[in-house]
Amino acid sequence: MSKTVTPYQNQQVAKKEQVADMFNNISKTYDFLNHFLSLGIDIIWRKKAINELKKDQPQLILDVATGTGDFAFEALSILKPKKIIGVDISQGMLDIAKQKIAKRGLGNKFEVKLGDSEKLPFNADEFDAVTVAYGVRNFENLETGLADIHRVLKPGGKAVVLEFSKPKGFPIKQLYAFYFNYVTPGIGKLFSKDARAYTYLPESVAAFPDGEAFTNLMQKAGFKNTKSRPLAFGICSIYTGIK
């Protein structure tokens with residue numbers, strides 16, 4: 001397993017606490033920088049991930065690491081479930097999500113709560129589907145988090161994970177490395193009050209076990225029919241698995 005990469009490299013503070021602090025710090029500029037840094041392509045990737053659930057027609061969905069709620073809002077629009085519950089470790093991000101929910105009048109369809117991805121505050125076999133967009137690489141213990149996602153899914157339920165991966169082919173691999181290691185931290189420093197957050201991003205992606213290594217971890221957690229689908233030459237990947 002790769003070494004644990006933390007936002008502030010503080011050995012005395014657990015990764016999940018550092019991640020919560022980091023997202024609290026960047027919550028107000030997060031949405032803007034997300035779309036800006038990805039040139040808006042993140043919206044297309046989200047839709048592709050959500051479409052993985054279209055034929056399943058899940059009615060109760062859990063969105064882990066929901067952040068400011070963009071993935072869940074898109075899922076509501078495309079899948080029309082009865083309800084989505086979003087969980088996140090950062091209160092700052094959830095505050096932004098709550099403002100969006102109120103503004104859009106979706107309080108009866110989308111609810112958010114503070115929660116730890118490795119100790120989800122739900123019963124076993126509760127959800128038709130669980131989604132995670134750009135969140136699994138921030139888990140302190142990936143295997144524990146995947147096992148808990150498996151626990152809260154109903155038998156036959158599907159998990160969909162969208163996460164950055166590492167392109168392998170020339171010249172995408174080199175361009176991606178340059179953009180992620182130099183451009184992203186520079187722009188993050190300019191617009192965000194927490195420059196370290198955008199240095200942590202490429203470090204966390206580099207350390208993340210992507211592709212087959214991740215589907216192997218899903219299988220270890222109990223998932224069946226696991227699949228990995230690279231997007232945009234491998235910049236991003238969609239992972240799916242069934243309980």
Side-chain angles (χ1 to χ4, degrees), residues 4-10 13-43 45-47 49-50 61-77 84-107 109-121 130-140 145 161-164 180 183-205 207-208 236:
T4 302
V5 173
T6 59
Y8 303 113
Q9 300 171 334
N10 183 342
V13 181
K15 176 172 178 175
K16 63 185 68 176
E17 290 173 40
Q18 294 186 50
V19 166
D21 285 345
M22 178 185 77
F23 281 112
N24 287 337
N25 289 341
I26 65 173
S27 57
K28 289 183 172 61
T29 53
Y30 179 80
D31 283 342
F32 163 73
L33 277 173
N34 222 17
H35 303 322
F36 184 77
L37 289 167
S38 70
L39 312 175
I41 301 168
D42 63 307
I43 297 162
W45 293 340
R46 281 194 187 101
K47 284 181 177 170
I50 291 161
I61 301 172
L62 174 64
D63 188 37
V64 176
T66 197
T68 62
D70 276 3
F71 192 85
F73 287 122
E74 198 69 59
L76 277 173
S77 169
I84 295 183
I85 298 176
V87 163
D88 203 279
I89 203 168
S90 162
Q91 189 60 55
M93 298 288 269
L94 292 179
D95 289 344
I96 305 283
K98 284 176 183 174
Q99 289 169 22
K100 291 184 186 176
I101 291 166
K103 195 174 176 182
R104 300 175 196 195
L106 289 169
K109 291 273 188 184
F110 182 21
E111 168 195 339
V112 294
K113 55 171 72 180
L114 197 64
D116 182 344
S117 59
E118 293 164 36
K119 296 190 193 89
L120 293 165
V130 179
T131 58
V132 197
Y134 308 112
V136 288
R137 74 178 190 285
N138 297 321
F139 287 7
E140 184 157 350
V161 175
L162 176 64
E163 190 53 89
F164 288 113
F180 241 32
V183 179
T184 298
I187 295 172
K189 192 173 182 179
L190 198 62
F191 289 102
S192 171
K193 69 174 188 175
D194 190 340
R196 175 63 197 145
Y198 292 91
T199 309
Y200 163 74
L201 174 63
E203 290 172 0
S204 64
V205 174
F208 182 72
C236 214

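Any value given below was found using the heavy atoms of this structure, including those in side chains, with hydrogens, waters and symmetry copies removed. Numbers here simply count residues along the sequence, with the first being 1.
Aromatic pair Phe110/Phe73: centroids less than 6.0 angstrom apart.
Looking at Leu162 and Ile50, their side chains never come closer than 4.5 Å, going by heavy atoms from C-beta outward. When side chains are defined from C-beta on, Leu62 counts as touching Val87, because their heavy atoms get closer than 4.5 Å. Residues Tyr198 and Lys189 fail the side-chain proximity criterion, which asks for heavy atoms closer than 4.5 Å. You'll find the side chain of Tyr8 stays beyond 4.5 Å of the side chain of Val13, heavy atoms only.
Taking CG from Leu94 and OG1 from Thr66, the interatomic distance works out to 7.5 Å, rounded to the nearest 0.5 Å. Rounding to the nearest 0.5 Å gives a distance of 3.5 Å between OG1 of Thr131 and CG of Asp63. Here Gln18 contributes atom CD and Thr6 contributes atom OG1; the two are 4.0 Å apart, rounded to the nearest 0.5 Å. Note that CZ of Arg196 is 4.0 Å distant from CD of Glu203, once rounded to the nearest 0.5 Å.
Of all the heavy atoms in Ala14 and Glu140, the pair that sits closest is CB-OE1, 3.6 Å.
Under a cut-off of 6.0 angstrom, the local environment of NZ in Lys100 is crowded, with over 12 non-hydrogen atoms contributed by other residues, nucleotides or ligands.
Checking side-chain atoms of Glu163 against main-chain N and O of Arg137 turns up a donor-acceptor pair under 3.5 Å. Between the Lys15 side chain and the Val5 main chain, a donor and an acceptor come within less than 3.5 Å of each other.
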Please determine whether side-chain hydrogen bond (donor to acceptor under 3.5 Å, both in side chains) holds for the pair Asp95 and Gln91, giving the CA-CA distance in whole Å, both sets of side-chain angles, and the decisive distance to 0.1 Å.
CA-CA 6 Å; Asp95 289 344; Gln91 189 60 55; 2.9 Å; yes
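Using a 30° and 60° split on the angle between ring planes, Tyr30 and Phe23 fall in the perpendicular class, above 60°.
Ser90 pairs with exactly one of Asn24, Thr68, Asn138 by the side-chain hydrogen bond (donor to acceptor under 3.5 Å, both in side chains) rule, that one being Asn24.
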